[in-house]
Amino acid sequence: MSKNILVVDDEQSIATLLKYNLEQSGYAVMTAHDGEEGLNKAVSESPDLIILDLMLPSMDGIEVCKELRQRKISTPILMLTAKDDEFDKVLGLELGADDYMTKPFSPREVVARVKAILRRSQAAAAVKEQSESNEVDYKEVGELKVYPEQYEAYFQGELLELTPKEFELLLYLTDNRGRVLTRDQLLSAVWNYDFAGDTRIVDVHISHLREKIETNTKKPIYIKTIRGLGYKLEGPKSS
């Protein structure tokens with residue numbers, strides 16, 4: 001069964017271009033041309049992935065993304081922006097978008113990004129289905145506990161509210177506790193990119209994780225920055 005993609009873009013030419021290229025790659029595609037229509041279709045049609053333009057009539061992409069996440073709808077979102085504005089990109093990722101691309105873009109790259117995001121989404125669904133095991137497997141680092149099969153993480157006994165991508169990043173860091181991981185390694189492992197991607201995506205998600213598990217984000221205890229190399233997860237010295 002082909003995956004369903006929802007393209008939300010008010011520029012008819014871009015929506016048509018994306019629809020054509022995605023359909024050529026075997027996806028079923030529906031379109032919406034303003035934020036309100038996009039939100040309604042995202043809720044009613046339950047697509048497998050949403051390609052969401054930032055600048056839209058009636059509701060912008062940020063508001064649509066925020067509303068979907070507030071409704072606990074975790075459909076992967078690839079955000080498009082014509083702006084070269086780092087704040088908008090970062091805000092979109094913070095609100096739960098899985099990835100972003102800046103216009104103009106190559107349709108082939110959009111298809112590659114879509115495939116990468118859907119691979120991760122399918123892998124996550126498979127992990128959830130394996131949670132019927134009697135033994136509850138978890139990974140522990142200091143006061144952090146990560147449950148791969150339940151797709152849950154706890155810090156100091158409290159359930160963390162993580163986006164799917166944040167959880168996958170945290171799990172990969174935990175699996176590689178004590179190892180220095182470059183941004184490119186993380187981009188490849190967590191985002192499944194087999195081409196040069198934007199490592200700013202990694203930095204934003206690391207920052208978001210730190211806000212949830214670090215007492216002082218300026219002096220992190222768990223997720224350390226290794227200057228010039230990347231990141232490393234380790235426990236408190238006393239653990």
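For the single chain, residues carry numbers from 1 onward in sequence order. The structure displayed is predicted, hence computed values, not measured ones. Computed over heavy atoms, backbone and side chain alike; hydrogens, waters and symmetry mates excluded.
- Looking at Glu166, Glu158, Glu161 one by one, the single match for side chain to side chain donor-acceptor pair (under 3.5 Å) with Lys212 turns out to be Glu166.
- Counting heavy atoms from C-beta outward, Val8 and Asp53 have side chains that stay 4.5 Å or more apart.
- If you run side-chain contact (heavy atoms from CB on, under 4.5 Å) between Ile206 and each of Leu233, Leu173, Thr225, only Leu173 comes through.
- In this structure, Trp191 and His205 have side chains that are in contact, with non-hydrogen atoms separated by less than 4.5 Å.
- Screening residues 22-33 for salt bridge (charged side-chain N to carboxylate O under 4.0 Å, His left out), with sequence neighbours left out, gives Lys19-Glu23.
- Within the model, atoms CG of Leu52 and CE of Met79 stand 4.5 Å from one another, a figure rounded to the nearest 0.5 Å.
- Interatomic distance, Asp60 CG to Asp10 CG, rounded to the nearest 0.5 Å: 11.0 Å.
- Ala153 and Leu170 get closest at one heavy-atom pair: CB-CD2, 3.9 Å.
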Checklist entry - Between Arg108 and Asn21, is a side-chain contact (heavy atoms from CB on, under 4.5 Å) present by the stated rule, with each step listed? => result CA-CA 8 Å; Arg108 290 179 63 183; Asn21 281 275; 5.6 Å; no
Checklist entry - So Val43 and Leu68, side-chain contact (heavy atoms from CB on, under 4.5 Å) or not? Walk me through it. => result CA-CA 8 Å; Val43 172; Leu68 288 171; 4.2 Å; yes
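- Closest heavy-atom contact between Pro164 and Ser74: CG-CB, 4.3 Å.
- Cluster membership check: Val204 does not share its hydrophobic cluster with Ile226, using side-chain heavy-atom separations under 4.5 Å among Ile, Leu, Val, Met, Phe, Trp and Tyr.
- Leu169 places none of its side-chain heavy atoms less than 4.5 Å from the side chain of His208.
- Nearest heavy-atom pair, Leu6 versus Ala42, reported as atom, atom and distance to 0.1 Å: CD2-N, 3.7 Å.
- Taking every heavy atom of both residues into account, Pro57 and Asp34 meet most closely at O-CB, 3.5 Å.
- Both Met30 and Met59 belong to a common hydrophobic cluster when Ile, Leu, Val, Met, Phe, Trp and Tyr are linked at side-chain heavy-atom distances under 4.5 angstrom.
- Taking CD from Glu214 and NZ from Lys219, the interatomic distance works out to 13.0 Å, rounded to the nearest 0.5 Å.
- Salt-bridge annotation for Arg210 and Asp203: absent, with no side-chain N of the basic residue lying under 4.0 Å from a carboxylate O of the acidic one.
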Item to check | Met101 and Ile51: CA distance, side-chain angles, deciding distance, side-chain contact (heavy atoms from CB on, under 4.5 Å) verdict | outcome: CA-CA 10 Å; Met101 294 187 66; Ile51 298 178; over 6 Å; no
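- How far SG of Cys65 is from CG of Leu54: 10.0 Å, rounded to the nearest 0.5 Å.
- By the 30° and 60° cut-offs, the orientation of the rings of Tyr151 relative to Phe167 is tilted.
- For the pair Leu171 and Pro148, the tightest heavy-atom approach, listed with the atom from each and the gap, is CD1-CG, 3.8 Å.
- Interatomic distance, Ile62 CD1 to Leu56 CG, rounded to the nearest 0.5 Å: 10.5 Å.
- At a threshold of 4.5 Å between side-chain heavy atoms, the hydrophobic network of Ile, Leu, Val, Met, Phe, Trp and Tyr places Leu17 and Val111 in two separate groups.
- Here Lys41 pairs with Glu37 under the salt bridge (charged side-chain N to carboxylate O under 4.0 Å, His left out) rule; sequence neighbours left out.
- A donor-acceptor pair under 3.5 Å links the side-chain atoms of Arg113 to the main chain of Tyr100, judged by distance alone.
- Each of Val180 and Val202 belongs to its own hydrophobic cluster when Ile, Leu, Val, Met, Phe, Trp and Tyr are linked at side-chain heavy-atom distances under 4.5 angstrom.
- When all heavy atoms are compared, the tightest approach of Lys3 to Asp48 is CA-OD2, 3.4 Å.
- Side chains of Tyr231 and Asn176: a donor-acceptor N/O pair is absent below 3.5 angstrom, by distance only.
- Between Ile5 atom CD1 and Leu118 atom CG the span is 5.0 Å, to the nearest 0.5 Å.
- At most 12 heavy atoms of other shown residues, nucleotides or ligands fall within 6.0 angstrom of atom OH in Tyr20.
- Under the 4.5 Å side-chain criterion, counting only non-hydrogen atoms from C-beta, Val64 is not in contact with Ile50.
- Residues Leu39 and Arg71 form a side-chain contact, since some pair of their non-hydrogen atoms from C-beta on lies under 4.5 Å apart.
- Residues Val146 and Asp175 fail the side-chain proximity criterion, which asks for heavy atoms closer than 4.5 Å.
- Remark: side-chain polar atoms of Ser58 are paired, donor with acceptor, to backbone N or O of Glu36 under 3.5 angstrom.
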Next on the checklist: Using the rule given for side-chain contact (heavy atoms from CB on, under 4.5 Å), can you reason through Leu18 versus Leu80, listing the C-alpha separation, both sets of side-chain angles and the distance that settles it, and then say yes or no?
Outcome noted: CA-CA 12 Å; Leu18 289 172; Leu80 303 178; 3.9 Å; yes
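- Clustering ILVMFWY residues whenever any of their side-chain heavy atoms sit less than 4.5 angstrom apart, transitively, puts Ile223 in a cluster other than the one holding Leu229.
- Classification of the Phe155-Tyr222 ring pair by plane angle, with boundaries at 30° and 60°, yields perpendicular.
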